[in-house]
J.: 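Input: one structure, supplied below.
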Protein chains: 2
Amino acid sequence: MKAEAEEKFREFLKNGKNRITPERFEVLNAALDYQGHFGADDLYIAMKKMNSSVSRATVYNTVELLEQCQIISKRNFGDNMNRYESCFGKMNHEHLVCTTCGKIIEFSTPRLEAIIEEVCRQNGFEMTNYTFNIFGKCSDKNCSKKDE
Amino acid sequence: MKAEAEEKFREFLKNGKNRITPERFEVLNAALDYQGHFGADDLYIAMKKMNSSVSRATVYNTVELLEQCQIISKRNFGDNMNRYESCFGKMNHEHLVCTTCGKIIEFSTPRLEAIIEEVCRQNGFEMTNYTFNIFGKCSDKNCSKKDE
DNA sequence: ATTGCTGCAAAACGTTTGCACCTAT
DNA sequence: ATAGGTGCAAACGTTTTGCAGCAAT
């Protein structure tokens with residue numbers, strides 16, 4: 001699983017004339033290990049805690065490469081920071097975001113793909129990615145303020 | 001048109017025990033006048049240019065109230081800043097965002113509403129708002145780098 | 001009279017950049 | 001050898017905050 005992702009990333013780097021460095025693979029591993037959604041800085045901090053010496057600049061840089069390589073995907077939860085999540089080997093899915101307790105429910109629907117395909121065709125638009133989030137209040141009885 | 005928005009805002013403020021101040025209506029007017037999408041700071045700068053003396057803090061504060069009041073809506077175009085656009089008296093619509101030239105194409109589809117309604121019902125979720133953006137490359141032949 | 005709002009400036013926050021050194025090719 | 005990557009710290013742009021004074025209720 002991890003080995004496949006590494007292989008994919010290695011190929012991607014090679015094809016793009018990007019150098020293959022140990023730091024980049026450290027970031028890849030940390031990203032795959034991270035549970036849930038993370039900001040680039042969260043990842044940097046997590047790596048620091050594991051005594052990694054990879055710099056913030058490199059984490060930010062690598063996370064962008066991983067996104068291009070489609071090993072992780074970028075999400076927008078409306079809080080002015082880039083969030084990522086590993087999407088390697090996973091199905092496309094969208095998010096219900098509870099604005100009270102921060103809970104995130106995932107869902108997927110093939111009908112959305114159809115809409116996207118049609119809209120792009122109608123507008124001569126070539127999609128690279130999209131974001132779809134529904135914000136609101138979840139059904140949890142003790143749903144209350146706290147962060148992610 | 002503007003008068004209606006003012007009335008709606010006034011009611012909203014009153015019901016929420018928020019004070020009715022001239023500054024807030026200055027911001028409302030500037031937001032309604034603004035062509036296209038704007039960040040809170042863009043609005044502040046535009047108001048400065050019109051010799052308004054409303055402060056940055058007040059603009060940020062008021063823009064949030066206008067969003068709650070559903071006179072403007074918040075958009076996320078993945079560039080780490082809150083964008084707004086007047087939605088008073090307008091139909092819901094989504095965005096195709098060209099990541100090369102920054103062009104924004106609007107579209108709307110009732111089928112999306114149906115999906116949202118269904119997903120929320122299935123998950124016992126009470127929606128307040130949602131974001132749906134498709135990123136990619138537009139069909140413009142001379143589409144090239146520049147900002148919004 | 002009492003809160004809440006305002007303006008200002010400073011701080012916070014995630015992110016990007018400049019630069020000297022290093023290393024994969 | 002040489003481009004490209006790295007680490008560090010400083011800069012950046014947007015947003016938030018603290019606080020003293022002001023104004024809507």
Side-chain angles (χ1 to χ4, degrees), chain A residues 6 9-28 30 34 37-48 50-69 72 74-84 147-148, chain B residues 6 9-28 30-31 37-48 50-69 72 74-84 102 145 147-148:
Chain A
E6 278 186 27
F9 191 35
R10 190 183 308 277
E11 277 311 306
F12 169 83
L13 290 174
K14 203 177 291 179
N15 294 339
K17 316 256 178 276
N18 291 298
R19 288 192 180 158
I20 289 162
T21 68
E23 288 87 352
R24 286 178 171 169
F25 285 90
E26 264 193 75
V27 176
L28 166 62
Y34 207 107
H37 304 87
F38 56 91
D41 225 70
D42 297 330
L43 193 57
Y44 169 69
I45 290 162
M47 290 176 73
K48 270 278 107 88
M50 308 285 252
N51 294 309
S52 168
S53 57
V54 175
S55 73
R56 179 174 264 119
T58 298
V59 173
Y60 274 83
N61 162 11
T62 306
V63 144
E64 216 159 276
L65 293 170
L66 287 171
E67 195 211 342
Q68 286 167 30
C69 182
I72 64 178
K74 198 194 278 189
R75 305 290 185 177
N76 271 124
F77 295 141
D79 54 355
N80 292 323
M81 65 181 283
N82 290 324
R83 304 289 195 139
Y84 299 89
D147 336 67
E148 153 117 341
Chain B
E6 279 187 27
F9 192 34
R10 191 182 307 277
E11 278 311 305
F12 170 83
L13 291 175
K14 203 177 291 179
N15 294 338
K17 315 256 179 276
N18 292 298
R19 286 189 182 161
I20 289 163
T21 69
E23 288 86 352
R24 287 178 169 168
F25 286 90
E26 263 192 76
V27 176
L28 167 62
H37 304 87
F38 56 91
D41 225 68
D42 298 330
L43 193 58
Y44 168 69
I45 290 162
M47 290 176 73
K48 270 277 106 90
M50 308 286 251
N51 293 310
S52 168
S53 58
V54 176
S55 74
R56 180 174 262 120
T58 299
V59 173
Y60 274 83
N61 161 11
T62 306
V63 144
E64 215 159 276
L65 292 170
L66 288 171
E67 195 211 342
Q68 286 169 30
C69 182
I72 64 178
K74 198 193 280 189
R75 306 290 184 179
N76 271 124
F77 295 142
D79 55 354
N80 293 321
M81 66 181 281
N82 290 326
R83 303 288 196 141
Y84 299 90
K145 268 267 130 37
D147 337 65
E148 152 118 341

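Just so it is clear: chains get the letters A, B, ... in the order the sequence lines come, proteins before strands, and each one is counted from 1. Keep in mind it's a predicted model, so treat the numbers as computed, not measured.
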J.: When the ring planes of A/Tyr34 and A/Phe38 are compared, do they come out parallel, tilted or perpendicular, using 30° and 60° as the limits?
T.: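 Judged by the thresholds at 30° and 60°, the geometry between A/Tyr34 and A/Phe38 is tilted.
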J.: Determine, for nucleotides 9-21 of chain D in 5'-to-3' order, which nucleotides have protein heavy atoms under 4.0 Å from the base (write B), from only the sugar-phosphate (write S), or from neither (write -).
T.: -----SBBB----
J.: With sequence neighbours excluded, what pairs up with B/Asp79 under the side-chain contact (heavy atoms from CB on, under 4.5 Å) test?
T.: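 Testing B/Asp79 for side-chain contact (heavy atoms from CB on, under 4.5 Å), a comparison that skips the adjacent residues, returns B/Phe77, B/Met81, B/Arg83.
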J.: Can you spot which of A/Phe12, A/Tyr84, A/Phe9 makes a side chain to side chain contact (heavy atoms under 4.5 Å, CB included) with A/Leu66?
T.: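 Going through A/Phe12, A/Tyr84, A/Phe9 one by one, the side chain to side chain contact (heavy atoms under 4.5 Å, CB included) with A/Leu66 is satisfied by A/Phe9 alone.
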J.: Measure the spacing between CD of A/Glu64 and CD1 of A/Ile72 and express it to the nearest 0.5 Å.
T.: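 These two atoms lie 9.5 Å from each other.
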J.: Take atom CG of B/Asn15 and atom P of D/dT25, then tell me their distance rounded to the nearest Å.
T.: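 My rounded result for the distance is 13 Å.
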J.: Report the distance from atom CG of B/Leu65 to atom C1' of C/dG4, rounded to the nearest whole Å.
T.: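 After rounding, the gap between these two atoms is 12 Å.
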J.: Evaluate A/Glu26 against A/Thr21 for side-chain contact (heavy atoms from CB on, under 4.5 Å), listing each step before the verdict.
T.: CA-CA 9 Å; A/Glu26 264 193 75; A/Thr21 68; over 6 Å; no
J.: Could you state the CG-P distance from A/Asp79 to C/dT15, rounded to the nearest angstrom?
T.: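 Those two atoms, CG and P, are 9 Å apart.
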J.: Can you find a pair of side-chain heavy atoms, one from A/Arg24 and one from A/Asn61, that are under 4.5 Å apart?
T.: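 A/Arg24 vs A/Asn61: side chains touch.
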J.: How does protein reach along nucleotides 19-25 of chain C, written 5' to 3' as B (base within reach of a heavy atom under 4.0 Å), S (only sugar-phosphate), or - (no contact)?
T.: ----BBS
J.: Using a cut-off of less than 4.0 Å, is there contact between a side-chain N or O of B/Asn61 and OP1 or OP2 of C/dC5?
T.: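 Answer no for this pair, as no side-chain N or O of B/Asn61 is under 4.0 Å from OP1 or OP2.
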J.: Is there a donor in the side chain of A/Thr58 and an acceptor in the side chain of A/Glu23, or the other way round, less than 3.5 Å apart?
T.: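 No.
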J.: My understanding is that only residues two or more places apart in sequence, or in another chain, count here; which of them pass side-chain contact (heavy atoms from CB on, under 4.5 Å) with B/Tyr44?
T.: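 Result, side-chain contact (heavy atoms from CB on, under 4.5 Å) vs B/Tyr44: B/Lys48, B/Arg56, B/Val59.
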J.: Tell me, please, which residues at least two apart from B/Glu11 pass side-chain contact (heavy atoms from CB on, under 4.5 Å).
T.: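 B/Glu11 satisfies side-chain contact (heavy atoms from CB on, under 4.5 Å) with B/Glu7, B/Lys14, B/Asn15 once adjacent residues are dropped.
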J.: Is the shortest side-chain heavy-atom distance between B/Asn82 and B/Tyr60 below 4.5 Å?
T.: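 No, their side chains stay 4.5 Å or more apart.
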J.: Given axes from five pairs at either end, by how many degrees does the helix from C/dA1-D/dT25 to C/dT25-D/dA1 bend, rounded to 10°?
T.: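 Comparing the first five pairs with the last five, the axes sit 40° apart.
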